[in-house]
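In what follows, a structure is listed as structure tokens, so that the remarks can point back to it.
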Protein chains: 2
Amino acid sequence: MSSSAEKYDVFQAIADPTRREVLKLLTQKELSISNITSYFPMSRTAVAKHLHILSEAKLVSGRKVGREKLYRLQPESLEELKQWLSFFEQFWNNKLSILKHVVENDEQAGLQVIETECDEQK
Amino acid sequence: MSSSAEKYDVFQAIADPTRREVLKLLTQKELSISNITSYFPMSRTAVAKHLHILSEAKLVSGRKVGREKLYRLQPESLEELKQWLSFFEQFWNNKLSILKHVVENDEQAGLQVIETECDEQK
DNA sequence: ATAATATAACACCCAATGGTTTCGTGTCAA
DNA sequence: TTGACACGAAACCATTGGGTGTTATATTAT
């Protein structure tokens, strides 16, 4: 690891529950690696690796303060995720309205009904 | 019964570029496995595995039609991702002021509280 | 200076991932 | 019925990821 090229993008970075929890922690304030480690049942080295991955994805940034390294959130990088999501938003709003229609007419099976119901081909 | 013990959640499902591409394809219309495979430089089995993962994450659903299995997008599951994202949204434009505010008033322990707490722009 | 602390840098292990191929089964069409 | 097609399941393999521990280095405190 420790490659110069970035192997991790935002999508991979947030795929891990531990890393998502770290991000949540960092919304509070800057934290050192050891400090963050105290919240998790794993070694400091493991947490440092997670932080390195988050750092590659530009979701956090670390600055050296004395002998500690303080990490802080860099939430702007989540913009990429938001934009990716917005592409699908139109589709699932559409789906939800259809779902509502289905539920109104037949309200037993819910989500599973839809897959045999609406099939608009382009 | 909301199923149980799913190996793959939404976050892991979208971590893979191939799977994201599959989702994009499925926004157009239902597609069979072989049809989807034609878009990728990998075997049909590999694509089927990706589809299985997407299915576990409830991002797609498949129905058998004759000897084909047609997959369709199930974008409602992206709602979970959207909600996760919305938690951080409040931080990435005015993160400095909020961060300062949080540090001054309260320390940790309130991770879950914060999402209902500070949603006002300063 | 010395000791204690915090992080970095490695080497190593195990499990999971992502791909392959092969084989079997059910389905559609001559 | 026969054969091509679409899929599923399983075995298999290479690579990577996340975990461990150990050691090294730099900073702070005494």
Side-chain angles (χ1 to χ4, degrees), chain A residues 1-26 29-72 115-116 119 121, chain B residues 5-26 29-57 59-72 108:
Chain A
M1 47 200 67
S2 72
S3 60
S4 54
E6 278 134 21
K7 303 165 52 182
Y8 293 92
D9 60 7
V10 176
F11 294 94
Q12 289 173 284
I14 67 165
D16 186 89
T18 299
R19 290 198 285 271
R20 290 200 298 276
E21 199 61 35
V22 168
L23 290 179
K24 217 162 192 178
L25 275 173
L26 290 178
K29 57 177 176 178
E30 276 187 327
L31 293 173
S32 71
I33 297 183
S34 295
N35 203 329
I36 297 173
T37 304
S38 67
Y39 289 89
F40 297 95
M42 66 183 70
S43 70
R44 191 199 56 76
T45 308
V47 172
K49 284 187 180 182
H50 283 305
L51 284 168
H52 188 249
I53 290 173
L54 288 170
S55 180
E56 273 193 12
K58 304 256 196 307
L59 283 170
V60 304
S61 63
R63 67 181 231 267
K64 204 94 185 295
V65 174
R67 59 182 165 180
E68 296 188 319
K69 191 164 187 183
L70 297 185
Y71 280 92
R72 68 184 170 86
E115 59 189 36
T116 59
D119 47 358
Q121 314 287 0
Chain B
E6 286 139 5
K7 279 181 64 183
Y8 293 91
D9 60 6
V10 176
F11 294 93
Q12 290 172 285
I14 66 166
D16 186 271
T18 298
R19 289 196 286 269
R20 290 199 299 275
E21 199 60 35
V22 169
L23 290 179
K24 217 162 194 174
L25 276 173
L26 290 179
K29 57 175 176 179
E30 274 188 328
L31 292 174
S32 71
I33 298 182
S34 295
N35 203 329
I36 297 174
T37 304
S38 66
Y39 289 90
F40 297 94
M42 65 183 71
S43 70
R44 182 193 55 79
T45 309
V47 173
K49 286 185 182 180
H50 283 304
L51 284 168
H52 187 252
I53 291 173
L54 287 171
S55 180
E56 271 193 14
L59 283 170
V60 303
S61 64
R63 69 184 230 265
K64 204 97 185 294
V65 174
R67 55 182 168 184
E68 302 189 310
K69 188 162 188 183
L70 298 185
Y71 278 94
R72 79 163 67 235
Q108 70 265 21

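Values below: all heavy atoms of this structure, side chains included; hydrogens, waters and symmetry mates excluded. A, B, ... follow the sequence lines: proteins, then strands. Residue 1 opens every chain.
Put simply, CD on A:E68 is 7 Å from P on C:dA6, counting in whole angstrom units. Going from atom CG of A:L51 over to atom C1' of D:dG18 covers 14 Å, rounded to whole Å. In this structure, B:I53 places its CD1 atom 7 Å from P of C:dT17, rounding to the nearest Å. Atom C1' of nucleotide D:dA6 and atom CZ of B:R63 are separated by 16 Å, given to the nearest angstrom. Taking atom CG of A:D9 as the reference point, atom P of D:dG17 lies 12 Å away to the nearest angstrom. Here C:dT7 presents its P atom at 17 Å from NE2 of A:H50, a figure rounded to the nearest Å. Spacing between atom NE2 of A:H52 and atom P of C:dT7 amounts to 15 Å, rounded to whole angstrom units. In this structure, B:N35 places its CG atom 15 Å from P of D:dC5, rounding to the nearest Å.
Test B:L70, B:L51, B:L26 against B:L31 for side chain to side chain contact (heavy atoms under 4.5 Å, CB included) and you get one pass: B:L26.
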Quiz: residues 32-39 of chain B side-chain donor-acceptor pairs under 3.5 angstrom, not counting sequence neighbours:
residue	atom	partner	partner atom	Å
B:S32	OG	B:N35	N	3.1
B:T37	OG1	B:I33	O	2.8
B:S38	OG	B:N35	O	2.5

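With rounding to the nearest 0.5 Å, the separation of CG in B:L54 from CD in B:Q12 is 12.0 Å. Taken to the nearest 0.5 Å, the CZ atom of B:R63 stands 10.5 Å off from the CD atom of B:E68. Atom CD of residue B:E21 and atom NZ of residue B:K24 lie 6.5 Å apart, to the nearest 0.5 angstrom. Remark: B:R19 CZ to B:Y8 OH distance equals 6.5 Å, nearest 0.5 Å.
For C:dG19, its base sits under 3.5 Å from the side chain of B:K49 at one donor and acceptor pair at least. Checked by distance alone, B:K69 brings no side-chain donor or acceptor within 3.5 Å of a matching partner on the base of D:dG8.
A salt bridge does not link A:K49 to A:D16: none of the charged nitrogens lies less than 4.0 Å from a carboxylate oxygen.
The nucleotide whose nearest atom lies closest to any side-chain atom of A:M42 is, among C:dT7, D:dC7, D:dG19, D:dG19. Distances were taken from every side-chain heavy atom of B:S34 (C-beta onward) to each of D:dG8, C:dT7, D:dC7; the shortest belongs to D:dC7.
Within residues 10-24 of chain B, no residue places a heavy atom under 4.0 Å from DNA chain D.
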Below 3.5 Å is the cut-off: list the nitrogen or oxygen pairs between protein and nucleotides 21-30 of chain D, distance only.
residue	atom	partner	partner atom	Å
D:dT27	O2	A:R67	NH1	3.4

Using the side chain to side chain contact (heavy atoms under 4.5 Å, CB included) rule, take B:E30 and B:V65 through it: C-alpha gap first, then chi angles, then the decisive distance, then the call. CA-CA 11 Å; B:E30 274 188 328; B:V65 174; over 6 Å; no
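Distances shown here put a side-chain N or O of A:K7 below 4.0 Å from the OP1 or OP2 atom of D:dG17.
Among the heavy atoms of the strands lying under 4.0 Å from B:Y8 are primed sugar atoms or P, OP1, OP2 only; no base atom is included.
Residues A:A46 and B:Y71 both approach DNA chain D. Their nearest nucleotides, taken by heavy-atom distance, put B:Y71 toward the 5′ side.
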